[in-house]
Amino acid sequence: MTRKNALVFGGAGFIGSHLLRSLAESGEYDLIVSADIAEPRFVVEGVEYKYVDVRQPIADDICPGASETYNLAAVHTTPGHEDWEYFYTNVLGATHCCDYARRIGCERIVFTSSISVYGASETLKDETSALEPDSAYGRSKLCAEEIHAQWLNEATDARRLVVARPAVIYGYTERGNFTRLARAMEKGRFFFPGRKDTIKACGYVEDLVASFRFALERNETHLTYNFAHMERYTSEDICDTFTDVAGYKKVTLVVPMPIMMLGGLALEILGKLGIRTSINRARIRKLYKSTNIMPQKLREMGFQYRYGLKQSLQRWLEMSEGAQFK
C-alpha cells in the first residue's frame, strides 16, 4: 500500500475533526496534520495539530511531502459577519492554500464549497443549475472555487481537484443550526416561522467525510458535487424526526411571518442596547426560505449513504454519551 501524508486546513472545526478521525482510522497515512487557528472540537490520536492562519502565507514545512490537501478553512456563519470578512478569509485562504500546494507539488486538493453558490430557491437545483449566490458567503465560496480551478488548470501534471458543495451539515460537536434546533425543542421553545413545508437540504457529517474518499477514488481530474441527503426533508420532517429520536414534544405552532419579523426587529433593537441575541430578521428570512438542492452527481455515481435522517440523529445522540446532541 502506498503511504500518504495529508494536510487539513480548518482541521480543528466540526467537519475537519471528523475528517481527521476518518483519515487516522484508515491507517493509510504516515503523517496527518491539522492546520487551524482554533482548538479542535475533539482531539484525534495520531494527528499533529499546528497553528496556521490561512489568511497569511503558509510555510512550506508544515506538512512535509503532503500528497493530499483538504481546504475546509472558512468563515461560514451567515448571517453573522460583515460582508468583507467572508472574502477576507475564504478568498484569501483559497489563494494561500493553492499557493502552498503549488509550491510543494501537492497534486490532490479537496475543497469544501457550499450550496450557497446556488442561492436560496423553492425550485429544485442540482449541479447543472445556474450559480446565483445571494449572500456574501455564497459569493466568496464561488470565488474560492474559481481560485482552486485556476490551480488545477494552470498545469499539465497529474493534479486533481474535488469540490464538495455541502448543504447544512450536522452531527457530533456541530454547534450550529441543528444543535440550536435541538436545544429549542428540548425546552419547548421552537415554532415554525411562517410555514412547515420549507425544504431544508441537509446532510450528516460522517457521510460527507465518506464522500471525500469516494470522490478521490473516482480518479477524475475535476469533480464537483453537491452533498445532502437524497430525500427532500422539510422543516416539519426534521422536527418530527427529532421528536421521534429524542422524545421532544411535537412542534405544531406556525407563527405568521409578519409577527416573526416584528419580533426579529425587537430583538435587533435589544441587541443594540447590549442584550445579546442570535435572532434577527435576516436569520428569520433564512429559516423561511427553502434550500432545495439535489446531490444528483452522487446519485449518478452510486454513492452509498450510511445514514438517513433518523439513523444519523440516533448516531449523534449515541456519540454524545448521555448529553442531548453534544
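Just so you know, residue 1 is the first one in the sequence shown, and it goes up from there.
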When you compare the side chain of L142 with that of P133, does any pair of heavy atoms fall below 4.5 Å?
yes
Students should find that the hydrophobic cluster of Y88, defined by side-chain heavy atoms under 4.5 Å apart, otherwise consists of W84, L92
- Please answer whether the main-chain N or O of V75 pairs with a side-chain N or O of N90 as donor and acceptor at a distance below 3.5 Å. yes
Note: with side-chain heavy atoms under 4.5 Å as the link, the other cluster members for F87 come out as V91, I147
For R306, is the CZ atom crowded, meaning more than 12 foreign heavy atoms sit under 6.0 Å from it? no
>> Please determine whether side-chain contact (heavy atoms from CB on, under 4.5 Å) holds for the pair R165 and T224, giving the CA-CA distance in whole Å, both sets of side-chain angles, and the decisive distance to 0.1 Å.
In response: CA-CA 7 Å; R165 293 173 176 163; T224 298; 3.6 Å; yes
Nearest heavy-atom contact between Y86 and A136 is CD1-CB, 3.8 Å
Should the pair E186-R180 be classified as a salt bridge under the 4.0 Å nitrogen-to-oxygen rule?
-> no
**Request:** Show your reasoning for whether side-chain contact (heavy atoms from CB on, under 4.5 Å) applies to M294 and M230.
**Result:** CA-CA 7 Å; M294 169 63 69; M230 292 292 181; 4.2 Å; yes
- request: Using distance alone, with no hydrogens and no angle criterion, decide if T234 and D237 have a side-chain donor and acceptor under 3.5 Å apart.
  value: yes
Value for NZ (K249) from SG (C239), rounded to nearest 0.5 Å, stands at 13.5 Å
(request) Using only heavy-atom distances, determine whether the side chains of E68 and Y29 contain a donor-acceptor pair under 3.5 Å. (result) yes
What one should report as the nearest heavy-atom pair of S235 and K200 is OG-CG, 4.1 Å
Grouping ILVMFWY residues whenever side-chain heavy atoms fall under 4.5 Å, the cluster of I199 otherwise contains none
| query | Going by heavy atoms in the side chains, are F227 and L298 under 4.5 Å from each other? | reply | yes
Do Y118 and N226 have a side chain donor and acceptor closer than 3.5 Å?
yes
* F192 vs V255 side-chain heavy atoms within contact, under 4.5 Å -> no
When you look at NZ of K297, are more than 12 heavy atoms from neighbouring residues, nucleotides or ligands closer to it than 6.0 Å?
yes
Practice item. Find out whether C98 and Q150 are in side-chain contact, i.e. whether some heavy atom of one side chain is under 4.5 Å from a heavy atom of the other. Key: no
Distance col, row T69:OG1 vs I109:CD1, nearest 0.5 angstrom, shows 5.5 Å
Would a distance-only check, ignoring hydrogens and angles, find a side-chain to backbone donor-acceptor pair under 3.5 Å from E25 to S22? no
When the ring centroid of Y100 is compared with that of H96, is the distance short of 6.0 Å? no
- Query: Under the 3.5 angstrom rule, does the side chain of E85 hit a backbone N or O of E82 as a donor-acceptor pair?
  - Reply: yes
Problem set entry | Ring centres under 6.0 angstrom apart (F42, H18) | yes
**Q.** Parallel, tilted or perpendicular, as decided by the 30° and 60° cut-offs, for the rings of F242 and F178
**A.** tilted
* To do: Determine whether R213 and E28 make a side-chain contact, defined as any pair of heavy atoms from C-beta on separated by less than 4.5 Å.
  => yes
Exercise for review: Answer yes or no: does atom CD of E231 have more than 12 heavy-atom neighbours from other residues, nucleotides or ligands under 6.0 Å?
Suggested key: yes
What one should report as the nearest heavy-atom pair of L23 and A6 is CD1-CB, 4.1 Å
I would like to know whether T95 and D99 meet side-chain contact (heavy atoms from CB on, under 4.5 Å); could you show each step before the answer? CA-CA 6 Å; T95 301; D99 282 346; 3.8 Å; yes
| said: I'd like to know if the side chain of E174 and the backbone of T179 have a donor-acceptor N/O pair within less than 3.5 Å. | reply: yes
Under a plain distance cut-off of 3.5 Å, with no hydrogens placed, do R315 and S312 share a side-chain donor-acceptor pair?
no
inquiry  = Does this structure show an ion pair linking E132 with K125, if we count only N-O contacts that are shorter than 4.0 Å?
reply    = yes
Rounded to the nearest 0.5 angstrom, the CD1-CG distance for I32 and L7 is 11.0 Å
Fill in: Any donor-acceptor N/O pair, N5 side chain to L31 backbone, under 3.5 Å
yes
**Prompt:** Quick one: does K196's side chain have a donor or acceptor within less than 3.5 Å of a partner on V251's backbone?
**Reply:** no
Under-4.0 Å salt bridge between D244 and K310:
yes
Go through the steps for I169 and I15 under the test side-chain contact (heavy atoms from CB on, under 4.5 Å), then give the verdict.
CA-CA 8 Å; I169 302 300; I15 297 172; 4.3 Å; yes
Here the gap from R21 atom CZ to E45 atom CD, rounded to the nearest 0.5 Å, amounts to 13.0 Å
Note: V162 and L216 closest approach over all heavy atoms is CG2-CD2, 3.9 Å
- Are I37 and Y51 close enough that some pair of their side-chain heavy atoms sits under 4.5 Å apart? yes
Rounded to the nearest 0.5 Å, the OH atom of Y225 sits from the OG atom of S211 at a distance of 2.5 Å
Quiz item: Do F212 and T112 come within less than 4.5 Å of each other through their side chains, counting heavy atoms only?
Solution: yes
* Assess the side chains of D126 and T128: does a donor N or O sit below 3.5 Å from an acceptor N or O? => yes
Nearest heavy-atom contact between S113 and E145 is OG-OE2, 2.6 Å
(Q) Does K50, at its NZ atom, have more than 12 non-hydrogen atoms belonging to other residues, nucleotides or ligands within less than 6.0 Å? (A) yes
Separation between SG (C202) and OH (Y233), nearest 0.5 Å, reads 7.5 Å
inquiry  = Can a donor-acceptor pair be found, under 3.5 Å and without considering hydrogens, that links the side chain of T291 to the backbone of A201?
reply    = yes
Can a donor-acceptor pair be found, under 3.5 Å and without considering hydrogens, that links the side chain of T241 to the backbone of L309?
no
* Assert yes or no for the condition that the ring centre distance of Y172 to W316 is strictly below 6.0 Å. => no
Tell me if a side-chain donor or acceptor on R103 pairs with a main-chain N or O of A59 at a distance below 3.5 Å. no
- Determine, for R159 against E154, whether the closest basic-nitrogen to carboxylate-oxygen distance falls under 4.0 angstrom. yes
(message) For the aromatic rings, using the six-membered ring if either is Trp, is the centroid distance between Y307 and Y305 under 6.0 Å?
(response) no
Does any N or O in the side chain of S290 come within less than 3.5 Å of the main-chain N or O of E122, such that one atom is a donor and the other an acceptor? no
For V54 and F9 the tightest heavy-atom approach is CG1-CD2, 3.8 Å
